[in-house]
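All values reported here derive from a predicted model rather than from experimental measurement. By convention in this document, chain letters (A, B, ...) are assigned in the order of the sequence lines, proteins followed by strands, and residues within each chain are numbered from 1.
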Protein chains: 2
Amino acid sequence: MAAFMSAAAPYPVERLAEEDTLSLAERAYRRLRDSIVQGALPPGSRISERSLAAALGISAQPVREALRRLEQDGMVVTLPRRGTVVAEFGPERQAEMGRIRAALEGAAAALAAERADAATLAALEAQLQAMQEATEAGRPDLVSAANERFHALIHGATGNVFLIRSLAALRAFDHVGRVRALNSTPKELPRALREHAGILAALQARDPETAEARMRAHVLRSLEVGGLLPHRPDRRRRTP
Amino acid sequence: MAAFMSAAAPYPVERLAEEDTLSLAERAYRRLRDSIVQGALPPGSRISERSLAAALGISAQPVREALRRLEQDGMVVTLPRRGTVVAEFGPERQAEMGRIRAALEGAAAALAAERADAATLAALEAQLQAMQEATEAGRPDLVSAANERFHALIHGATGNVFLIRSLAALRAFDHVGRVRALNSTPKELPRALREHAGILAALQARDPETAEARMRAHVLRSLEVGGLLPHRPDRRRRTP
DNA sequence: TCATGAAGGCTGCCATAGCAGATGGCACAT
DNA sequence: ATGTGCCATCTGCTATGGCAGCCTTCATGA
(Lines give C-alpha, C1' and ligand atoms only; values in the text may rest on other atoms or scores of the structure.)
Protein backbone atom coordinates (compact mmCIF):
# COMPACT_ATOMS: atom_id res chain seq x y z
CA MET A 1 0.00 0.00 0.00
CA ALA A 2 3.04 2.22 -0.08
CA ALA A 3 1.98 3.14 -3.59
CA PHE A 4 -0.39 5.79 -2.29
CA MET A 5 2.43 7.43 -0.40
CA SER A 6 4.27 8.39 -3.59
CA ALA A 7 5.18 12.04 -3.64
CA ALA A 8 5.16 13.69 -7.02
CA ALA A 9 2.50 13.74 -9.70
CA PRO A 10 3.18 14.58 -13.33
CA TYR A 11 0.43 17.09 -14.02
CA PRO A 12 1.84 20.53 -13.29
CA VAL A 13 -1.29 22.33 -14.41
CA GLU A 14 -3.40 21.12 -11.55
CA ARG A 15 -0.66 21.86 -9.09
CA LEU A 16 -1.48 25.53 -9.33
CA ALA A 17 -4.15 25.09 -6.70
CA GLU A 18 -2.62 24.83 -3.26
CA GLU A 19 -2.26 21.24 -2.28
CA ASP A 20 -3.23 21.92 1.32
CA THR A 21 -6.52 23.65 0.63
CA LEU A 22 -7.85 20.86 -1.55
CA SER A 23 -10.49 18.57 -0.16
CA LEU A 24 -9.47 15.13 0.93
CA ALA A 25 -11.69 13.64 -1.74
CA GLU A 26 -9.95 15.65 -4.46
CA ARG A 27 -6.53 14.67 -3.19
CA ALA A 28 -7.52 11.03 -2.97
CA TYR A 29 -8.88 11.21 -6.52
CA ARG A 30 -5.68 12.56 -8.02
CA ARG A 31 -3.53 10.22 -6.02
CA LEU A 32 -5.48 7.18 -7.11
CA ARG A 33 -5.63 8.35 -10.69
CA ASP A 34 -1.88 8.83 -10.80
CA SER A 35 -1.28 5.47 -9.18
CA ILE A 36 -3.42 3.81 -11.81
CA VAL A 37 -2.00 5.50 -14.90
CA GLN A 38 1.54 4.98 -13.64
CA GLY A 39 0.92 1.29 -13.15
CA ALA A 40 1.28 1.20 -9.39
CA LEU A 41 -2.27 -0.11 -9.30
CA PRO A 42 -2.39 -2.55 -12.20
CA PRO A 43 -5.70 -3.49 -13.85
CA GLY A 44 -7.57 -6.10 -11.88
CA SER A 45 -6.45 -4.75 -8.51
CA ARG A 46 -9.22 -4.93 -6.00
CA ILE A 47 -9.80 -1.70 -4.11
CA SER A 48 -11.69 -1.59 -0.83
CA GLU A 49 -13.04 1.68 0.47
CA ARG A 50 -12.15 0.88 4.05
CA SER A 51 -8.68 -0.53 3.59
CA LEU A 52 -7.76 2.23 1.17
CA ALA A 53 -9.03 4.84 3.60
CA ALA A 54 -6.90 3.31 6.33
CA ALA A 55 -3.87 3.33 4.04
CA LEU A 56 -4.43 6.98 3.24
CA GLY A 57 -5.10 7.87 6.86
CA ILE A 58 -8.49 9.36 6.15
CA SER A 59 -12.12 8.32 6.38
CA ALA A 60 -13.92 6.10 3.92
CA GLN A 61 -16.19 8.86 2.69
CA PRO A 62 -13.69 10.90 0.66
CA VAL A 63 -12.27 7.69 -0.72
CA ARG A 64 -15.71 6.69 -1.88
CA GLU A 65 -16.15 9.97 -3.69
CA ALA A 66 -12.80 9.58 -5.38
CA LEU A 67 -13.74 6.09 -6.52
CA ARG A 68 -16.99 7.41 -7.92
CA ARG A 69 -15.16 9.94 -10.02
CA LEU A 70 -12.71 7.33 -11.21
CA GLU A 71 -15.67 5.20 -12.19
CA GLN A 72 -17.03 8.03 -14.29
CA ASP A 73 -13.64 8.31 -15.93
CA GLY A 74 -13.75 4.63 -16.77
CA MET A 75 -10.69 3.81 -14.71
CA VAL A 76 -12.39 1.58 -12.19
CA VAL A 77 -15.55 -0.49 -12.27
CA THR A 78 -17.53 -1.29 -9.18
CA LEU A 79 -20.13 -4.00 -8.82
CA PRO A 80 -22.72 -3.07 -6.17
CA ARG A 81 -22.11 -4.92 -2.91
CA ARG A 82 -19.31 -6.79 -4.64
CA GLY A 83 -16.27 -4.63 -4.86
CA THR A 84 -14.30 -2.11 -6.87
CA VAL A 85 -11.66 -3.19 -9.35
CA VAL A 86 -9.21 -1.26 -11.51
CA ALA A 87 -10.50 -1.46 -15.07
CA GLU A 88 -8.65 -3.24 -17.82
CA PHE A 89 -7.35 -0.93 -20.47
CA GLY A 90 -5.19 -2.57 -23.04
CA PRO A 91 -4.03 -0.90 -26.24
CA GLU A 92 -7.51 -0.91 -27.73
CA ARG A 93 -8.89 0.94 -24.70
CA GLN A 94 -6.08 3.44 -24.93
CA ALA A 95 -6.87 3.92 -28.60
CA GLU A 96 -10.52 4.52 -27.79
CA MET A 97 -9.74 7.12 -25.19
CA GLY A 98 -7.31 8.75 -27.56
CA ARG A 99 -9.87 9.09 -30.32
CA ILE A 100 -12.40 10.45 -27.86
CA ARG A 101 -9.83 12.93 -26.69
CA ALA A 102 -9.15 13.97 -30.27
CA ALA A 103 -12.83 14.71 -30.75
CA LEU A 104 -13.10 16.70 -27.53
CA GLU A 105 -9.88 18.61 -28.12
CA GLY A 106 -11.24 19.55 -31.51
CA ALA A 107 -14.46 20.84 -30.01
CA ALA A 108 -12.46 22.79 -27.44
CA ALA A 109 -10.37 24.39 -30.15
CA ALA A 110 -13.48 25.39 -32.08
CA LEU A 111 -15.02 27.02 -29.03
CA ALA A 112 -11.76 28.69 -28.10
CA ALA A 113 -11.54 30.17 -31.58
CA GLU A 114 -14.81 31.92 -30.93
CA ARG A 115 -14.28 33.27 -27.43
CA ALA A 116 -10.61 33.34 -26.52
CA ASP A 117 -9.70 36.84 -25.33
CA ALA A 118 -6.54 38.73 -26.13
CA ALA A 119 -4.85 37.75 -22.88
CA THR A 120 -5.34 34.07 -23.55
CA LEU A 121 -4.07 34.41 -27.10
CA ALA A 122 -1.01 36.20 -25.77
CA ALA A 123 -0.44 33.45 -23.21
CA LEU A 124 -0.74 30.86 -25.96
CA GLU A 125 1.84 32.74 -27.97
CA ALA A 126 4.12 32.75 -24.96
CA GLN A 127 3.79 29.01 -24.53
CA LEU A 128 4.47 28.54 -28.21
CA GLN A 129 7.62 30.60 -27.82
CA ALA A 130 8.66 28.56 -24.79
CA MET A 131 8.05 25.41 -26.78
CA GLN A 132 10.20 26.78 -29.59
CA GLU A 133 13.10 27.56 -27.29
CA ALA A 134 12.81 24.23 -25.51
CA THR A 135 12.82 22.49 -28.87
CA GLU A 136 15.96 24.30 -29.99
CA ALA A 137 17.59 23.55 -26.67
CA GLY A 138 16.72 19.88 -27.11
CA ARG A 139 14.77 19.66 -23.87
CA PRO A 140 11.81 17.29 -24.38
CA ASP A 141 10.73 17.69 -20.76
CA LEU A 142 10.28 21.45 -21.17
CA VAL A 143 8.55 20.89 -24.47
CA SER A 144 6.16 18.54 -22.78
CA ALA A 145 5.41 21.03 -20.02
CA ALA A 146 4.76 23.84 -22.49
CA ASN A 147 2.66 21.44 -24.50
CA GLU A 148 0.43 20.66 -21.53
CA ARG A 149 0.01 24.32 -20.70
CA PHE A 150 -0.80 25.16 -24.31
CA HIS A 151 -3.67 22.70 -24.36
CA ALA A 152 -4.84 23.61 -20.87
CA LEU A 153 -5.05 27.25 -21.91
CA ILE A 154 -7.30 26.33 -24.81
CA HIS A 155 -9.49 24.24 -22.55
CA GLY A 156 -9.82 27.08 -20.08
CA ALA A 157 -10.63 29.53 -22.87
CA THR A 158 -13.81 27.64 -23.62
CA GLY A 159 -15.12 28.32 -20.13
CA ASN A 160 -17.02 25.06 -20.30
CA VAL A 161 -16.75 23.03 -17.10
CA PHE A 162 -17.81 19.78 -18.66
CA LEU A 163 -15.20 20.09 -21.36
CA ILE A 164 -12.45 21.10 -18.96
CA ARG A 165 -13.10 18.26 -16.55
CA SER A 166 -13.46 15.63 -19.26
CA LEU A 167 -10.28 16.65 -20.99
CA ALA A 168 -8.38 16.77 -17.72
CA ALA A 169 -9.37 13.16 -17.06
CA LEU A 170 -8.56 12.08 -20.60
CA ARG A 171 -5.18 13.80 -20.65
CA ALA A 172 -4.25 12.24 -17.33
CA PHE A 173 -5.23 8.94 -18.84
CA ASP A 174 -2.58 8.79 -21.53
CA HIS A 175 -0.05 11.22 -20.16
CA VAL A 176 2.63 8.58 -20.28
CA GLY A 177 1.92 7.76 -23.90
CA ARG A 178 2.12 11.45 -24.77
CA VAL A 179 5.60 12.01 -23.42
CA ARG A 180 6.67 8.80 -25.11
CA ALA A 181 5.37 10.17 -28.38
CA LEU A 182 7.35 13.37 -27.97
CA ASN A 183 10.55 11.44 -27.35
CA SER A 184 10.01 8.98 -30.17
CA THR A 185 12.01 10.58 -32.98
CA PRO A 186 14.02 13.80 -33.15
CA LYS A 187 11.69 15.02 -35.89
CA GLU A 188 8.72 14.82 -33.57
CA LEU A 189 9.45 17.94 -31.54
CA PRO A 190 9.57 20.43 -34.43
CA ARG A 191 6.54 18.82 -36.00
CA ALA A 192 4.48 19.25 -32.84
CA LEU A 193 5.73 22.81 -32.71
CA ARG A 194 4.59 23.52 -36.25
CA GLU A 195 1.18 22.03 -35.57
CA HIS A 196 0.74 24.13 -32.47
CA ALA A 197 1.63 27.21 -34.47
CA GLY A 198 -1.00 26.30 -37.02
CA ILE A 199 -3.62 25.85 -34.34
CA LEU A 200 -2.79 29.16 -32.75
CA ALA A 201 -3.01 30.87 -36.14
CA ALA A 202 -6.52 29.49 -36.61
CA LEU A 203 -7.48 30.68 -33.13
CA GLN A 204 -6.19 34.17 -33.85
CA ALA A 205 -8.05 34.17 -37.14
CA ARG A 206 -11.25 33.27 -35.26
CA ASP A 207 -11.79 30.30 -37.52
CA PRO A 208 -13.53 27.52 -35.55
CA GLU A 209 -13.63 24.98 -38.37
CA THR A 210 -9.95 25.21 -39.17
CA ALA A 211 -8.98 25.25 -35.50
CA GLU A 212 -11.02 22.14 -34.86
CA ALA A 213 -9.66 20.30 -37.89
CA ARG A 214 -6.06 21.14 -37.08
CA MET A 215 -6.36 20.31 -33.41
CA ARG A 216 -8.05 17.06 -34.20
CA ALA A 217 -5.40 16.09 -36.74
CA HIS A 218 -2.71 17.10 -34.27
CA VAL A 219 -4.00 14.83 -31.54
CA LEU A 220 -4.63 11.93 -33.89
CA ARG A 221 -1.17 12.16 -35.38
CA SER A 222 0.44 12.29 -31.94
CA LEU A 223 -1.50 9.16 -31.10
CA GLU A 224 -0.17 7.45 -34.18
CA VAL A 225 3.36 8.42 -33.27
CA GLY A 226 2.80 7.04 -29.80
CA GLY A 227 1.77 3.75 -31.34
CA LEU A 228 -1.78 3.95 -30.04
CA LEU A 229 -3.33 4.25 -33.46
CA PRO A 230 -2.32 2.61 -36.72
CA HIS A 231 -0.90 4.90 -39.35
CA ARG A 232 -3.58 5.73 -41.86
CA PRO A 233 -2.04 7.19 -45.00
CA ASP A 234 -5.35 7.03 -46.85
CA ARG A 235 -8.40 8.55 -45.18
CA ARG A 236 -10.47 9.15 -48.27
CA ARG A 237 -12.40 5.93 -48.71
CA ARG A 238 -16.10 6.44 -48.55
CA THR A 239 -19.30 4.44 -48.35
CA PRO A 240 -21.68 4.82 -51.29
CA MET B 1 -39.67 21.52 -2.76
CA ALA B 2 -42.44 19.52 -4.39
CA ALA B 3 -40.37 19.63 -7.56
CA PHE B 4 -38.33 16.66 -6.42
CA MET B 5 -41.47 14.64 -5.95
CA SER B 6 -42.30 14.68 -9.65
CA ALA B 7 -42.99 11.23 -10.97
CA ALA B 8 -42.03 10.60 -14.56
CA ALA B 9 -38.72 11.14 -16.28
CA PRO B 10 -38.35 11.41 -20.03
CA TYR B 11 -35.40 9.11 -20.61
CA PRO B 12 -36.78 5.66 -21.31
CA VAL B 13 -33.38 4.16 -21.95
CA GLU B 14 -32.23 4.45 -18.38
CA ARG B 15 -35.51 3.10 -17.13
CA LEU B 16 -34.43 -0.36 -18.13
CA ALA B 17 -32.70 -0.75 -14.80
CA GLU B 18 -35.21 -1.45 -12.06
CA GLU B 19 -36.03 1.71 -10.22
CA ASP B 20 -36.07 -0.06 -6.88
CA THR B 21 -32.61 -1.57 -7.07
CA LEU B 22 -30.93 1.72 -7.87
CA SER B 23 -28.90 3.41 -5.21
CA LEU B 24 -30.34 6.45 -3.52
CA ALA B 25 -27.51 8.54 -4.90
CA GLU B 26 -28.32 7.46 -8.45
CA ARG B 27 -31.99 8.18 -8.00
CA ALA B 28 -31.26 11.58 -6.48
CA TYR B 29 -28.93 12.36 -9.38
CA ARG B 30 -31.51 11.62 -12.04
CA ARG B 31 -34.24 13.41 -10.18
CA LEU B 32 -32.17 16.53 -9.75
CA ARG B 33 -30.95 16.41 -13.32
CA ASP B 34 -34.49 16.16 -14.65
CA SER B 35 -35.67 18.94 -12.38
CA ILE B 36 -32.91 21.16 -13.69
CA VAL B 37 -33.32 20.47 -17.40
CA GLN B 38 -37.09 20.78 -17.14
CA GLY B 39 -36.80 24.15 -15.47
CA ALA B 40 -38.23 23.19 -12.11
CA LEU B 41 -34.92 24.27 -10.62
CA PRO B 42 -34.06 27.43 -12.54
CA PRO B 43 -30.47 28.64 -12.82
CA GLY B 44 -29.33 30.50 -9.76
CA SER B 45 -31.31 28.31 -7.36
CA ARG B 46 -29.39 27.65 -4.21
CA ILE B 47 -29.25 23.99 -3.23
CA SER B 48 -28.43 22.89 0.29
CA GLU B 49 -27.35 19.34 0.92
CA ARG B 50 -29.28 19.14 4.17
CA SER B 51 -32.54 20.73 3.16
CA LEU B 52 -32.58 18.83 -0.10
CA ALA B 53 -31.95 15.61 1.74
CA ALA B 54 -34.83 16.37 4.06
CA ALA B 55 -37.08 17.12 1.09
CA LEU B 56 -36.16 13.82 -0.50
CA GLY B 57 -36.52 11.93 2.76
CA ILE B 58 -32.98 10.56 2.65
CA SER B 59 -29.63 11.35 4.19
CA ALA B 60 -27.30 14.09 3.09
CA GLN B 61 -24.70 11.66 1.85
CA PRO B 62 -26.40 10.41 -1.32
CA VAL B 63 -27.50 13.94 -2.08
CA ARG B 64 -23.91 15.07 -1.86
CA GLU B 65 -22.81 12.42 -4.31
CA ALA B 66 -25.55 13.43 -6.72
CA LEU B 67 -24.46 17.04 -6.51
CA ARG B 68 -20.87 16.10 -7.24
CA ARG B 69 -21.91 14.29 -10.36
CA LEU B 70 -24.04 17.22 -11.45
CA GLU B 71 -21.03 19.42 -10.87
CA GLN B 72 -19.00 17.24 -13.21
CA ASP B 73 -21.76 17.56 -15.78
CA GLY B 74 -21.57 21.32 -15.48
CA MET B 75 -25.14 21.66 -14.24
CA VAL B 76 -24.33 23.02 -10.81
CA VAL B 77 -21.36 24.88 -9.42
CA THR B 78 -20.37 24.68 -5.78
CA LEU B 79 -18.08 27.04 -3.93
CA PRO B 80 -16.33 25.25 -1.05
CA ARG B 81 -17.92 26.13 2.30
CA ARG B 82 -20.19 28.55 0.47
CA GLY B 83 -22.96 26.68 -1.21
CA THR B 84 -24.17 24.96 -4.35
CA VAL B 85 -26.03 26.83 -7.08
CA VAL B 86 -27.67 25.69 -10.29
CA ALA B 87 -25.42 26.83 -13.13
CA GLU B 88 -26.49 29.38 -15.69
CA PHE B 89 -26.88 27.96 -19.14
CA GLY B 90 -28.31 30.33 -21.65
CA PRO B 91 -28.45 29.67 -25.38
CA GLU B 92 -24.69 29.93 -25.76
CA ARG B 93 -24.16 27.26 -23.12
CA GLN B 94 -26.68 25.04 -24.83
CA ALA B 95 -24.86 25.58 -28.11
CA GLU B 96 -21.57 24.63 -26.48
CA MET B 97 -22.95 21.43 -25.05
CA GLY B 98 -24.53 20.64 -28.39
CA ARG B 99 -21.28 20.98 -30.28
CA ILE B 100 -19.50 18.88 -27.69
CA ARG B 101 -22.19 16.27 -28.05
CA ALA B 102 -21.78 16.31 -31.81
CA ALA B 103 -18.08 15.60 -31.42
CA LEU B 104 -18.66 12.77 -28.94
CA GLU B 105 -21.49 11.22 -30.93
CA GLY B 106 -19.19 11.22 -33.91
CA ALA B 107 -16.49 9.43 -31.98
CA ALA B 108 -19.03 6.93 -30.75
CA ALA B 109 -20.20 6.23 -34.27
CA ALA B 110 -16.64 5.70 -35.43
CA LEU B 111 -15.96 3.22 -32.65
CA ALA B 112 -19.28 1.49 -33.20
CA ALA B 113 -18.45 1.06 -36.88
CA GLU B 114 -15.40 -0.93 -35.85
CA ARG B 115 -16.84 -3.19 -33.18
CA ALA B 116 -20.61 -3.38 -33.39
CA ASP B 117 -21.66 -7.02 -33.54
CA ALA B 118 -24.40 -8.49 -35.70
CA ALA B 119 -26.99 -8.41 -32.94
CA THR B 120 -26.48 -4.70 -32.38
CA LEU B 121 -26.68 -3.98 -36.09
CA ALA B 122 -29.92 -5.94 -36.25
CA ALA B 123 -31.30 -4.01 -33.29
CA LEU B 124 -30.34 -0.77 -34.99
CA GLU B 125 -32.15 -1.90 -38.11
CA ALA B 126 -35.20 -2.66 -36.00
CA GLN B 127 -35.15 0.80 -34.47
CA LEU B 128 -34.79 2.30 -37.91
CA GLN B 129 -37.83 0.33 -39.03
CA ALA B 130 -39.77 1.48 -35.98
CA MET B 131 -38.77 5.04 -36.75
CA GLN B 132 -39.94 4.60 -40.31
CA GLU B 133 -43.35 3.32 -39.26
CA ALA B 134 -43.73 6.02 -36.62
CA THR B 135 -42.85 8.61 -39.22
CA GLU B 136 -45.46 7.33 -41.64
CA ALA B 137 -47.99 7.17 -38.83
CA GLY B 138 -47.21 10.77 -37.96
CA ARG B 139 -46.27 10.01 -34.39
CA PRO B 140 -43.39 12.31 -33.35
CA ASP B 141 -43.37 10.86 -29.84
CA LEU B 142 -42.66 7.35 -31.12
CA VAL B 143 -40.08 8.73 -33.50
CA SER B 144 -38.37 10.43 -30.60
CA ALA B 145 -38.34 7.24 -28.55
CA ALA B 146 -36.90 5.21 -31.41
CA ASN B 147 -34.41 7.99 -31.99
CA GLU B 148 -33.15 7.83 -28.41
CA ARG B 149 -32.83 4.06 -28.55
CA PHE B 150 -30.98 4.26 -31.86
CA HIS B 151 -28.33 6.51 -30.40
CA ALA B 152 -28.18 4.60 -27.13
CA LEU B 153 -27.51 1.39 -29.04
CA ILE B 154 -24.58 3.00 -30.80
CA HIS B 155 -23.21 4.27 -27.51
CA GLY B 156 -23.47 0.85 -25.97
CA ALA B 157 -21.81 -0.75 -28.97
CA THR B 158 -18.63 1.15 -28.22
CA GLY B 159 -18.34 -0.54 -24.84
CA ASN B 160 -16.61 2.56 -23.53
CA VAL B 161 -17.86 3.59 -20.11
CA PHE B 162 -16.54 7.11 -20.32
CA LEU B 163 -18.26 7.69 -23.63
CA ILE B 164 -21.52 6.15 -22.49
CA ARG B 165 -21.71 8.19 -19.30
CA SER B 166 -20.70 11.44 -20.95
CA LEU B 167 -23.22 11.07 -23.73
CA ALA B 168 -25.97 10.13 -21.30
CA ALA B 169 -25.37 13.35 -19.42
CA LEU B 170 -25.18 15.42 -22.59
CA ARG B 171 -28.32 13.93 -24.08
CA ALA B 172 -30.24 14.52 -20.88
CA PHE B 173 -29.01 18.07 -21.05
CA ASP B 174 -30.78 19.09 -24.22
CA HIS B 175 -33.48 16.48 -24.39
CA VAL B 176 -36.14 19.14 -24.52
CA GLY B 177 -34.46 20.91 -27.40
CA ARG B 178 -34.24 17.64 -29.28
CA VAL B 179 -37.94 16.86 -29.20
CA ARG B 180 -38.62 20.44 -30.17
CA ALA B 181 -36.37 19.99 -33.17
CA LEU B 182 -38.26 16.88 -34.24
CA ASN B 183 -41.58 18.70 -34.06
CA SER B 184 -40.37 21.82 -35.80
CA THR B 185 -41.42 21.15 -39.39
CA PRO B 186 -43.15 18.19 -41.02
CA LYS B 187 -40.09 17.70 -43.20
CA GLU B 188 -37.92 17.13 -40.17
CA LEU B 189 -39.05 13.59 -39.40
CA PRO B 190 -38.25 12.03 -42.77
CA ARG B 191 -34.97 13.92 -42.90
CA ALA B 192 -33.89 12.53 -39.53
CA LEU B 193 -34.95 9.13 -40.76
CA ARG B 194 -32.83 9.41 -43.88
CA GLU B 195 -29.83 10.51 -41.87
CA HIS B 196 -30.20 7.60 -39.50
CA ALA B 197 -30.35 5.25 -42.44
CA GLY B 198 -27.16 6.73 -43.78
CA ILE B 199 -25.42 6.31 -40.45
CA LEU B 200 -26.51 2.71 -40.17
CA ALA B 201 -25.27 2.02 -43.67
CA ALA B 202 -21.84 3.34 -42.72
CA LEU B 203 -21.87 1.18 -39.59
CA GLN B 204 -22.74 -1.92 -41.61
CA ALA B 205 -20.02 -1.06 -44.10
CA ARG B 206 -17.54 -0.86 -41.20
CA ASP B 207 -16.51 2.59 -42.29
CA PRO B 208 -15.53 4.63 -39.22
CA GLU B 209 -14.73 7.86 -41.05
CA THR B 210 -18.01 8.02 -42.89
CA ALA B 211 -19.98 6.99 -39.82
CA GLU B 212 -18.35 9.70 -37.77
CA ALA B 213 -18.87 12.37 -40.42
CA ARG B 214 -22.51 11.49 -40.94
CA MET B 215 -23.29 11.24 -37.26
CA ARG B 216 -21.59 14.52 -36.58
CA ALA B 217 -23.45 16.26 -39.38
CA HIS B 218 -26.69 14.71 -38.19
CA VAL B 219 -26.32 16.06 -34.68
CA LEU B 220 -25.18 19.48 -35.84
CA ARG B 221 -28.06 19.81 -38.25
CA SER B 222 -30.58 18.79 -35.59
CA LEU B 223 -29.07 21.46 -33.38
CA GLU B 224 -29.56 24.02 -36.12
CA VAL B 225 -33.15 22.99 -36.56
CA GLY B 226 -33.65 23.29 -32.81
CA GLY B 227 -32.38 26.84 -33.01
CA LEU B 228 -29.34 26.13 -30.86
CA LEU B 229 -26.86 26.75 -33.66
CA PRO B 230 -26.99 29.28 -36.47
CA HIS B 231 -27.49 27.89 -39.93
CA ARG B 232 -24.18 27.68 -41.72
CA PRO B 233 -24.72 27.22 -45.44
CA ASP B 234 -21.01 27.71 -46.17
CA ARG B 235 -18.54 25.66 -44.17
CA ARG B 236 -15.63 25.86 -46.56
CA ARG B 237 -13.81 29.02 -45.57
CA ARG B 238 -10.29 28.35 -44.47
CA THR B 239 -7.40 30.10 -42.83
CA PRO B 240 -4.29 30.50 -45.01
C1' DT C 1 -18.18 -38.89 -1.87
C1' DC C 2 -20.97 -35.25 -2.62
C1' DA C 3 -24.68 -32.04 -1.93
C1' DT C 4 -26.27 -28.55 1.47
C1' DG C 5 -26.83 -24.85 4.37
C1' DA C 6 -25.74 -21.99 8.01
C1' DA C 7 -22.44 -18.87 9.82
C1' DG C 8 -18.87 -15.58 9.52
C1' DG C 9 -16.37 -12.18 7.04
C1' DC C 10 -16.12 -9.51 3.40
C1' DT C 11 -18.19 -5.61 0.30
C1' DG C 12 -20.55 -1.10 -0.94
C1' DC C 13 -24.18 1.79 0.82
C1' DC C 14 -26.42 4.85 3.98
C1' DA C 15 -27.55 7.51 8.40
C1' DT C 16 -25.95 10.37 12.10
C1' DA C 17 -23.03 13.67 14.27
C1' DG C 18 -19.69 16.95 14.53
C1' DC C 19 -16.06 19.80 12.33
C1' DA C 20 -14.16 24.28 10.26
C1' DG C 21 -14.97 27.97 7.21
C1' DA C 22 -18.06 31.65 5.42
C1' DT C 23 -21.97 34.85 5.91
C1' DG C 24 -25.11 38.16 7.70
C1' DG C 25 -26.80 40.87 11.25
C1' DC C 26 -26.37 43.43 15.37
C1' DA C 27 -24.34 45.96 19.09
C1' DC C 28 -20.90 49.18 19.86
C1' DA C 29 -17.54 52.76 19.22
C1' DT C 30 -16.08 56.52 16.37
C1' DA D 1 -24.19 58.14 9.82
C1' DT D 2 -20.35 55.04 9.30
C1' DG D 3 -16.81 51.80 10.30
C1' DT D 4 -15.74 47.62 13.34
C1' DG D 5 -15.65 43.47 15.77
C1' DC D 6 -18.38 39.68 17.62
C1' DC D 7 -21.66 35.91 17.43
C1' DA D 8 -25.48 33.03 15.74
C1' DT D 9 -26.24 30.46 11.75
C1' DC D 10 -25.63 28.80 7.61
C1' DT D 11 -22.68 26.05 4.32
C1' DG D 12 -19.91 21.97 2.61
C1' DC D 13 -16.77 18.49 4.40
C1' DT D 14 -15.32 14.53 7.13
C1' DA D 15 -15.49 10.84 10.74
C1' DT D 16 -17.89 7.03 12.81
C1' DG D 17 -21.03 3.36 13.04
C1' DG D 18 -24.26 0.21 11.38
C1' DC D 19 -27.05 -1.83 7.57
C1' DA D 20 -28.05 -5.35 3.91
C1' DG D 21 -26.35 -8.06 0.34
C1' DC D 22 -22.54 -11.31 -1.53
C1' DC D 23 -19.01 -14.82 -1.01
C1' DT D 24 -16.27 -18.21 1.14
C1' DT D 25 -15.99 -21.90 4.33
C1' DC D 26 -16.75 -25.67 6.88
C1' DA D 27 -19.56 -28.65 9.43
C1' DT D 28 -23.53 -31.65 8.64
C1' DG D 29 -26.26 -34.79 6.49
C1' DA D 30 -27.48 -38.22 2.93
ask   = In this structure, which one of L167(A), L163(A), L124(A), L200(A) forms a side-chain contact (heavy atoms from CB on, under 4.5 Å) with I154(A)?
value = L124(A)

ask   = Which is it for F89(B) and F173(B) under the ring-ring contact (aromatic ring centres under 6.0 Å, His included) test, yes or no, and what are the steps along the way?
value = CA-CA 10 Å; F89(B) 31 89; F173(B) 198 83; 5.1 Å; yes

key: Bounds of contact between DNA chain C and chain A, in 5' to 3' order, using a heavy-atom cut-off under 4.0 Å   = dT11(C) to dA15(C)

ask   = Judged by atom type as modelled, is there a donor-acceptor pair below 3.5 Å linking the side chain of R101(B) to the main-chain atoms of V219(B)?
value = no

query = Counting N and O atoms only, with roles assigned by atom type, does the side chain of S166(A) sit under 3.5 Å from a partner on the main chain of F162(A), one being a donor and the other an acceptor?
reply = yes

ask   = Quick one: is S59(A) getting a side-chain N or O under 4.0 Å of the dT14(D) phosphate, OP1 or OP2?
value = no

ask   = Between the side chains of Q38(A) and H175(A), is a donor N or O closer than 3.5 angstrom to an acceptor N or O?
value = no

note = Rounded to the nearest 0.5 Å, the CD1 atom of I199(A) sits from the NE2 atom of H151(A) at a distance of 6.0 Å

query = Side-chain donor-acceptor pair under 3.5 Å between Q127(A) and R149(A), yes or no?
reply = yes

key: Polar pair under 3.5 Å, donor/acceptor by atom type, side chain R64(B), base dG12(D)   = no

task = May I have the distance from R46(B) (atom CZ) to dT9(D) (atom C1'), rounded to whole angstrom?
result = 13 Å

key: Close residues, residues 69-86 of chain A, relative to DNA chain D [heavy-atom separation under 4.0 Å]   = R81(A), R82(A)

inquiry  = Tell me whether R46(A) contacts the main-chain N or O of V85(A) through its side chain, where contact means a donor paired with an acceptor under 3.5 Å.
reply    = no

message = Has S35(B) got a side-chain atom pairing as donor or acceptor with R31(B)'s backbone, closer than 3.5 angstrom?
response = yes

For atom CZ of R68(B) and atom C1' of dC13(D), their distance in whole Å = 9 Å

task = For I58(A), report the nucleic acid contact type (base, sugar-phosphate, nothing); a contact means any heavy atom under 4.0 Å.
result = sugar-phosphate

message = If I take atom CD in residue E49(A) and atom C1' in nucleotide dT14(D), what distance separates them, rounded to the nearest angstrom?
response = 14 Å

query = Rounded to whole angstrom units, what separation is found between the CD atom of Q61(A) and the C1' atom of dG12(D)?
reply = 13 Å

Atom-to-atom span, CG of L22(A) to P of dT14(D) - whole angstrom = 10 Å

